[in-house]
Amino acid sequence: AQSVSQHNHHVILSEAASLELGCNYSYGGTVNLFWYVQYPGQHLQLLLKYFSGDPLVKGIKGFEAEFIKSKFSFNLRKPSVQWSDTAEYFCAAARNTGNQFYFGTGTSLTVIP
Amino acid sequence: DAGVIQSPRHEVTEMGQEVTLRCKPISGHNSLFWYRQTMMRGLELLIYFNNNVPIDDSGMPEDRFSAKMPNASFSTLKIQPSEPRDSAVYFCASSGWPGELFFGEGSRLTVL
């Protein structure tokens, strides 16, 4: 079965610290990859996406992610987090041959001022 | 672009009552998804449609849940009868292909 794994369930950082959230997917074919953010009390919003091309993808609010095909990974990074980055982060994958999306269980990030 | 529109935003009802949640996807999107989110179980896919046809409803918890998509611009998720354990935020999302999911703002359901 297809799946997306997020290894960090809860992360607590101080402002200005660097962030890396892990994401691995299990599908061996061509996939489209996404990171979504959910701020408290809000809906999921797209941070960034990878379909093809440059494996280093830049998204909104200074976030980026790197697709490493050999490791089936799509880790999210930000060099310096802010208090406003406190949120839940979801990694997702979708097969390139259909429209079924698979979400990870999410990582809760708390940034301490 | 109005985005995905869900209604109602909040619903409080009593156990045993019927609940109907509504969703209008983004115009031109051919896939529609219903998700449920709770603290205990996180984000769960209930059902998704491609071109108004249900493709995978394996996430629907039980027969009390049903979903329809009578046309490309409207979908409903119905719970009958509702139970307290159905309390959750229900998200509708739509997508063109290939593309990302766009989520609605959710319907927060409380069953007393």
Side-chain angles (χ1 to χ4, degrees), chain A residues 1-10 23 25 27 29-53 57-60 63 65 67 74 76 87-109, chain B residues 1-7 9-10 21 23-26 28-59 69 72 88-108 110:
Chain A
Q2 314 309 313
S3 68
V4 174
S5 300
Q6 292 183 241
H7 314 298
N8 316 100
H9 296 293
H10 299 280
C23 172
Y25 62 94
Y27 183 58
T30 303
V31 293
N32 299 326
L33 297 162
F34 311 85
W35 275 98
Y36 283 84
V37 60
Q38 186 178 27
Y39 298 105
Q42 296 189 24
H43 61 289
L44 279 76
Q45 304 168 54
L46 183 71
L47 265 182
L48 47 79
K49 62 186 177 185
Y50 172 80
F51 285 179
S52 64
V57 179
K58 294 193 184 298
I60 61 172
F63 286 91
F67 169 56
F74 190 56
L76 180 71
E88 188 96 11
Y89 292 81
F90 293 90
C91 181
R95 297 184 197 178
N96 206 28
T97 54
N99 215 14
Q100 169 65 299
F101 285 80
Y102 300 90
F103 278 84
T105 52
T107 297
S108 173
L109 171 66
Chain B
D1 189 345
V4 177
I5 299 173
Q6 291 187 245
S7 64
R9 293 292 311 280
H10 302 274
L21 307 178
C23 176
K24 177 178 169 54
I26 292 173
H29 282 184
N30 61 345
S31 296
L32 183 140
F33 303 74
W34 282 102
Y35 287 88
R36 177 173 70 177
Q37 188 176 38
T38 62
M39 289 290 290
M40 290 296 293
R41 292 191 297 269
L43 189 67
E44 303 173 277
L45 175 65
L46 300 178
I47 186 171
Y48 84 97
F49 297 83
N50 270 358
N51 298 315
N52 312 339
V53 176
I55 302 300
D56 183 357
D57 65 354
S58 59
M69 191 165 186
V89 181
Y90 291 81
F91 288 104
C92 176
S94 71
S95 172
W97 190 84
E100 67 264 34
L101 281 179
F102 291 82
F103 284 81
E105 296 193 354
S107 294
R108 181 175 294 277
T110 303

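Chain letters run A, B, ... following the sequence lines, proteins first, then strands; residues in each count from 1.
Not counting sequence neighbours, the partners of B:Ser31 by the side chain to side chain donor-acceptor pair (under 3.5 Å) test are A:Asn99, B:Asn50. Residues meeting the ring-ring contact (aromatic ring centres under 6.0 Å, His included) test with B:Tyr90, sequence neighbours left out: none. Under the side chain to side chain donor-acceptor pair (under 3.5 Å) criterion, B:Lys24 pairs with no residue, sequence neighbours left out.
The choice from B:Phe91, B:Phe102, B:Tyr35, B:Tyr48 that makes the most heavy-atom pairs within less than 4.5 Å of chain A is B:Tyr48.
Between A:Tyr50 and A:Phe74, the ring planes are tilted. Angles from 30° to 60° get that label.
Both the backbone and the side chain of A:Leu44 come within less than 4.5 Å of a heavy atom of chain B.
Partner A:Tyr89 forms a ring-ring contact (aromatic ring centres under 6.0 Å, His included) with one of A:Tyr39, A:Phe63, A:Phe34 and no other, that one being A:Phe63. The only member of B:Val53, B:Asn51, B:Asn52 that meets side chain to side chain contact (heavy atoms under 4.5 Å, CB included) when paired with B:Met69 is B:Asn52.
Minimum interatomic distance between A:Thr105 and A:Glu88 (heavy atoms only, all atoms of both residues): O-OE2, 4.1 Å.
For residues 36-46 of chain B, a heavy-atom distance under 4.5 Å to chain A picks out B:Gln37, B:Leu43, B:Leu45, given by residue number.
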